Structures are given as structure tokens and as C-alpha cells.
Amino acid sequence: MATPRVRFAPAPTGYLHVGSARSALFNWLFARRYGGQFILRIEDTDESKKSQEFVDAIVEPLRWLGLDWDEGPFFQSERRVAHDLAIQQLVDSGQAYFCDLSAADSQRLSTEAGLRAGYHGWSRDRGVADAAGVVVRFRVPDEGSTVVDDLIRGRVKIAHDTLDDFVIRRGDGSPTFFLANAVDDHDMEITHVIRGEDLLNTTPKVKLLWEALGYGRLPQYAHLPLLVNEQRKKLAKRRDSVALSDFVSQGFLPEAMLNYLALLGWGAPDEVEIRPLGEIVELFSLEAVNKSSAFFDLVKLAHVNQVYIKALSAAEFAQTVASWLPAHYDLAVVEALAPELQQRISTLSEAASWLDWIFVDEIDDYDSKAWQRAMVKGRAAPTVLVELGEVLSGVPFDDPEHLRSAVLGVGDRLSEQIGARVMSQAPLRVALTGSGAGIPLWEAMTHLGKEKTLLRIAAAHKRLSG
RNA sequence: GCCCCGUUCGUCUAGCGGCCUAGGACGCCACCCUCUCAAGGUGGUAGCACGGGUUCAAAUCCCGUACGGGGUACCA
């Protein structure tokens, strides 16, 4: 195919959410797949929406994801002259006309005439003159229908009598979405429009304008299935927590986010789900995109993220996780323990809780269940702690293997003495970490150090007997 | 209401008329491994919305119904 030109055209409404990110990704994939251009256009026809803050809210997440654009960002608000010209052209050719009715008035007229809600062309032949507050409406043909061949959905046909004479210029003179969309896509020579299904119904209107303006060949349209919440409603900023920035701060990796997003509505022919972006680019095609909406599943996202976290080298992991850790954490220790952490977390923000015990001065809070199980139910615990204190004070702390055999040795000896299985590791874990669950002890103990280890064993013993 | 789109395990999907007693992934359950929690391994659970056609043959094609969603703004 001729090199495609696609665009991601979000409205600057606060922040970028995962649904928009998915649209951006599919556009980007398509452009990269066929060696075309990916264009960023900020859809700020409503002047109030233009501010640096809002622009950053779009640009920063795209950068984080690594979805680089070849042209732009362009601003719709800066293309006002072209829009005005197009509106003038439509008015001059009689395909659009002025209307001084308010929305409320046209609603009332419809009701009085016993027609369905909406606008019925009341001002078509009233000869209204342009003035402040007057809108321009497009004259939709009475007869016939408009057909759009969607790359994903197939042929979509809308009868003209279900369309009203929609507004293309507001009372304040600004162009509406339909008009700006047609003009900008034409001027930017967009070949493929890839966006959410919620925009499918607007396509015939844009096509009508396109033809009325004599623009020639229409871009190819591809409407992606919507991303939905657990109620199967389209992801919305107001009710769903879907800001991309939130996922960034929770510790999702951009590669994982992209990979997961690519899986919603699309799948590789070989069914391999988790794979490098480069491979996804190679395999991507719009024809393989399916039609039904997809639930944005945090559980699966977490799984994908964990796979990516596990794939990091220890050094990469330590470097990446650093900003989620308190400043007093020793990164060299984090790197040494990286593999154990990587298989236990699915987001980077979870890392600290697995490591905390190594970097605090003392354990002041023991998990009560773990204490009960290891210290109270394990009747030998007091003896184990005493023995552990004695044995470990004579062992060098530089070799995990020495620590292991010393600790397990205590358990074996006591087992023989008592004639029942004695676990030495469980009480040790609770004494050192305050918790019943955690990473393997031996390597971690070399970083905790002998002094803290012995103090914590003593503290636990004191608490047990006191 | 009207218009448009959709419907395969709980979820994401494979399937584009016979290879399907429907495959994979996530989740869940069990077992193995194991001080713990994980990770890993093995096995299991669960689905073609319904009704008519077409055809020798339908998850796959057609029609209808039901259900879900989207749109219906001087938002985009």
C-alpha cells in the first residue's frame, strides 16, 4: 500500500486514559507497520481547552509509552482560517445555511410539530442573515443514504432522514468537530482514520461534508472496539480510574502497558501474547482487529507487567524500581536480592514491602497470625531462639550457605532431642522480619548483618517469655 | 423512542463450512516443589445467547428474537 498517514487526535480534556492510549497505539502500530507517518493533532476546537497543562497531559503519557509521532502536535485551534474558508464555501454553494434558532427553540418546534426530537431544518429557507450568535447548519440531503466502508466493521449505511441538519459553526463563530475533522484530515492528507467505535456514527456526517467540499477520495475508516469497565460500559474518565499517569505511579512498565493494550481487540496469528513491541509491529494488521468491546482487566495487566518485571536483569530492575523505594534503601542490596523480588511483585510499587525489614532499625510490629503460628504453636520456639542466638553469634555472616546450615542444624538437633519435628526457620523469619511470609532468608541475612540479627532474636525471645 | 454496532469459557481471545468430542492465555481449584510467600511444573474447572432457515455438513453463511453497548449537543 502507499505509505499511510494516520493521526491520533485527542481532545485536551484533562488527562490521557487507557482507551485513548489504545487508540494512539493502534494508529502508531499501523504507521510503523507500513512505514507511514503518525501525526499528533490536538482537537481543541473549543478554545477553552487549550492550555499548556492540558497539552502536557497528552504529550507526557505518549512519551512515556514511547509512541513517537512524526508530525505535530498540531492544534485545531490554529487552523481557524482554513475552517472558516470551508464554512464560507459551503454557505456560498448553498450546502449550508444560517440559523438563528436556539437549541431549545428547535426542540420546542419539533415537539409542536409532532416530530422526533432534533432539528428539522426550520431555517433552511428563511433567509437568515449572518450575525453574532447565528449558527451555520449543513443541509443534509432529504433522500438517500450515506455508506461508509469500515475496515473493521464492513459496510455501514445511514439513511439521510435519520440525520439532522447538524451545526458546523457555533454561535461564537468557532467550527464544530465535524467540520474541523473533515478539513484537517483533508489538509493533512490523512489516509486512514483509526479511532474508537463511539465515533462511528459521526462518520457519515464527516463524509457528507467531505463530498460537499469536493475533497475527493475519503480516508479509509477503521473503528476499534471500545474498552469497557466491569459493567461493560465504555471507559470514562469520570467513573473509572483509568488515567495513564496512575498506572505510571503504580509501577507499571510502559512496555507491559503497550503489550497488554495491543491484546485488547487484536491478537497475533500465532497466539503468542507477550512479545516485544517490534514483533507486534511486524505482525499487526487492521484486518485482524475484532469487533466486540473488550474489558480492561487489571488482573491480566498485572500478569503481563510481572512477566516484564521478571525479564529485567538485576541491574535494570534495581535501577527501575529505585524511584519507588525510600531513600535510605541500599540499592546494592536491592540489586543482590532482585531475582527474589522480581518473582513476587506485579507492580514496582509493591517492592518496598518485601524489603522493609532489612532497612529498619528494629521490628516493632509482628504479624499476629504469624507470631501465633511460629512462636506460640511451635512450642519449641523459645529454645530454638536461644540456640539460634548462640550458634549464629559464632558464624560469619558473609556466606548464605553457612547461615543456612547453621540454622537448619539447630532444627535438626532439637528434633532429635525432643523426638518431634522442630522447625527452626519459621521462628527465625518472624523474629527477623515480623512476618510469616517473605523472600528466602539466607542471602537477605547477610545484608541484615549479624548485629541486627542477634538483637532481633533476643527481642523476640524476650517478648515470648515476657 | 430513533439510528448504528456487537454477541465463543468469569475475562482477553483462536476459529473465517468439514481438521472442533471448540484451542490458547489470565483467573480459579488440586497436586508436585517448598520454613513462608512467590516463581516454576503437572492436571483440572468453564463457553459457541436463542429460534428459524441454507447445506450432505454451521461456532462459522442468511433472517428474526433476545441481550449488551455506542450515538442521538452550538462535546469530541
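Residue numbers start from 1 in every chain, and the chains themselves are labelled A, B, ... in the order their sequence lines are given, proteins ahead of strands. Keep in mind that what you see is a predicted model, and the values were worked out from it rather than measured. The figures that follow rest on heavy atoms only: side chains count, while hydrogens, waters and symmetry mates do not.
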request  = Give me the residues of residues 417-427 of chain A where at least one heavy atom lies under 4.0 Å from an atom of RNA chain B, by number, or none.
outcome  = A:Q425

Donor-acceptor side-chain pairing of A:E43 and A:N181 below 3.5 angstrom = yes

query = When the C1' atoms of B:G10 and B:G47 are considered, how many whole Å apart are they?
reply = 10 Å

note = Checking N1-N3 plus N6-O4 or O6-N4 for Watson-Crick, or N1-O2 and O6-N3 for wobble, each under 3.5 Å, the partner of B:U42 is B:A30

inquiry  = Over all strands shown, is A:W266 touching base, sugar-phosphate only, or nothing at heavy-atom distances under 4.0 angstrom?
reply    = nothing

message = What is the separation between atom CZ on A:R373 and atom C1' on B:C37, rounded to the nearest whole Å?
response = 11 Å

inquiry  = Show the nearest heavy-atom pair for residues A:P12 and A:I58, with the distance to one decimal.
reply    = CA-CD1, 3.8 Å

task = Classify the nucleic acid contact of A:L163 as base, sugar-phosphate or nothing, counting any heavy atom under 4.0 Å across all strands shown.
result = nothing

ask   = For atom P, what is the distance between B:A39 and B:C9, given to the nearest Å?
value = 27 Å

ask   = With a non-hydrogen cut-off below 4.0 angstrom, is A:S435 in contact with a base, only sugar-phosphate, or nothing?
value = nothing

Cation-aromatic face contact A:R463/A:W371, 6.0 Å, 45 degrees = yes

note = 5'-most contact on RNA chain B (nearest-nucleotide basis), A:P440 vs A:F296, goes to A:F296

key: Pairwise C1' distance for B:G53 and B:U60, with rounding to whole Å   = 15 Å

query = NA contact type, A:L298, heavy-atom cut-off 4.0 Å: base, sugar-phosphate, or nothing?
reply = nothing

remark   = Taking B:C74, B:G27, B:C37 as options, the one with an atom nearest any side-chain atom of A:V299 is B:G27

request  = Once you apply the 3.5 Å cut-off to both distances, tell me the Watson-Crick or G-U wobble partner of B:C2, or none.
outcome  = B:G71

Proximity to the side chain of A:R429 - top-ranked nucleotide from B:A39, B:U36, B:A14 = B:U36

ask   = Are A:D185 and A:R41 close enough for a salt bridge, meaning some N to O gap below 4.0 Å?
value = yes

query = With rounding to whole Å, what would you report as the distance between B:G41 and B:A46 at their P atoms?
reply = 23 Å

request  = Using the P atoms only, state how far B:C16 lies from B:U72, rounded to an integer number of Å.
outcome  = 37 Å

query = Going by atom types only, do A:E350 and A:S346 share a side-chain donor-acceptor pair under 3.5 Å?
reply = yes

query = Between A:L258 and A:L25, what is the shortest heavy-atom contact and its length?
reply = O-CD2, 3.4 Å

message = Which nucleotide, if any, forms a Watson-Crick or G-U wobble pair with B:U7, using both distances under 3.5 Å?
response = B:A66

request  = Nearest-nucleotide wise, let me know which of A:Q76 and A:L441 is further upstream toward the 5' end of RNA chain B.
outcome  = A:L441

Rounded interatomic separation in angstrom, taking NZ from A:K291 and P from B:U8 = 13 Å

remark   = When rounded to whole Å, the CD1 to C1' distance for the pair A:I168 and B:A73 reads 16 Å

request  = Look at all strands and tell whether A:F178 reaches a base, only sugar-phosphate, or nothing, counting heavy atoms closer than 4.0 Å.
outcome  = base

query = In whole angstrom, what separates A:I152's CD1 from B:U13's P?
reply = 12 Å

task = Looking only at non-hydrogen atoms, find the nearest pair between A:L403 and A:W442 and report the distance.
result = CD1-O, 3.7 Å

message = Using the rule given for side-chain contact (heavy atoms from CB on, under 4.5 Å), can you reason through A:D130 versus A:R169, listing the C-alpha separation, both sets of side-chain angles and the distance that settles it, and then say yes or no?
response = CA-CA 11 Å; A:D130 195 6; A:R169 192 198 73 184; 2.8 Å; yes

query = Contact class for A:G267 vs. all strands (heavy atom < 4.0 Å): base, sugar-phosphate, or nothing?
reply = nothing

message = Students often get this wrong, so: under 4.0 angstrom with heavy atoms, is A:P225 touching a base, only sugar-phosphate, or nothing?
response = nothing

remark   = A:L179 atom CG is separated from B:A73 atom C1', nearest whole Å, by 16 Å

ask   = Which parts of residues 138-146 of chain A get close to RNA chain B, meaning a heavy atom less than 4.0 angstrom away?
value = none

message = If I take atom CG in residue A:D100 and atom P in nucleotide B:C74, what distance separates them, rounded to the nearest angstrom?
response = 14 Å

task = Classify the nucleic acid contact of A:F295 as base, sugar-phosphate or nothing, counting any heavy atom under 4.0 Å across all strands shown.
result = sugar-phosphate

query = Quick check: does any side chain N or O of A:Q342 sit under 3.5 Å from a backbone N or O of A:L312, one acting as donor and the other as acceptor?
reply = yes

request  = Whole angstrom is fine here: how far is it from CZ in A:F54 over to P in B:A76?
outcome  = 14 Å

message = Does A:K300 qualify as a cation-pi partner of A:Y260, given the criterion of NZ or CZ under 6.0 Å from the six-membered ring centre and within 45 degrees of its axis?
response = no

query = Got a salt bridge between A:R153 and A:E197, using NZ or NE/NH1/NH2 to carboxylate O under 4.0 Å?
reply = yes

inquiry  = Strictly below 4.0 Å, N to O, side chains only: are A:D164 and A:R137 in salt-bridge contact?
reply    = no

query = Which value, in whole Å, describes the distance between the C1' atoms of nucleotides B:C12 and B:U55?
reply = 33 Å

request  = Before accepting this row, confirm whether a basic side-chain N of the pair A:E282/A:R275 lies closer than 4.0 Å to the acidic partner's carboxylate O.
outcome  = no

key: Check: B:C5 base within 3.5 Å donor-acceptor of A:R153 side chain   = no

request  = Side chain of A:N290 only, please: which of B:A39, B:C3, B:A14 is the nearest?
outcome  = B:A14

note = Mate of B:U54 across any strand shown (Watson-Crick or G-U wobble, both atom pairs under 3.5 Å) is none

ask   = Is B:G17 paired to anything, Watson-Crick or G-U wobble with both distances less than 3.5 Å, and if yes, which nucleotide?
value = none

note = The Watson-Crick or G-U wobble partner of B:C35, with both key distances under 3.5 Å, is none

Worked check of salt bridge (Lys or Arg N to Asp or Glu O under 4.0 Å) between A:D240 and A:K233 = CA-CA 10 Å; A:D240 305 305; A:K233 302 225 184 273; over 6 Å; no

request  = Identify whether any heavy atom of A:G265 sits under 4.0 Å from a base atom; if not, whether one sits that close to sugar-phosphate; answer base, sugar-phosphate or nothing.
outcome  = sugar-phosphate

key: Separation of B:C35 P from A:L432 CG (nearest whole Å)   = 17 Å

Short N-O contact, A:D184 and A:R7, less than 4.0 angstrom = no

message = With rounding to the closest Å, how many angstrom separate the C1' atoms on B:G69 and B:C29?
response = 33 Å

message = What's the gap between B:C26 and B:G40 when it is taken at their P atoms, as a whole Å value?
response = 9 Å

remark   = Readout for nucleotides 58-71 of chain B: B = base within 4.0 Å of protein heavy atom, S = sugar-phosphate only, - = neither; 5' to 3' it is -----------SBS

remark   = Of the candidates B:A25, B:U36, B:C4, the side chain of A:E273 sits closest to B:A25

ask   = Out of B:A39, B:C3, B:C12, which nucleotide sits closest to the side chain of A:K300?
value = B:C12

message = Tell me the closest heavy-atom pair linking A:W324 and A:A352, and the distance in Å.
response = O-CB, 4.3 Å

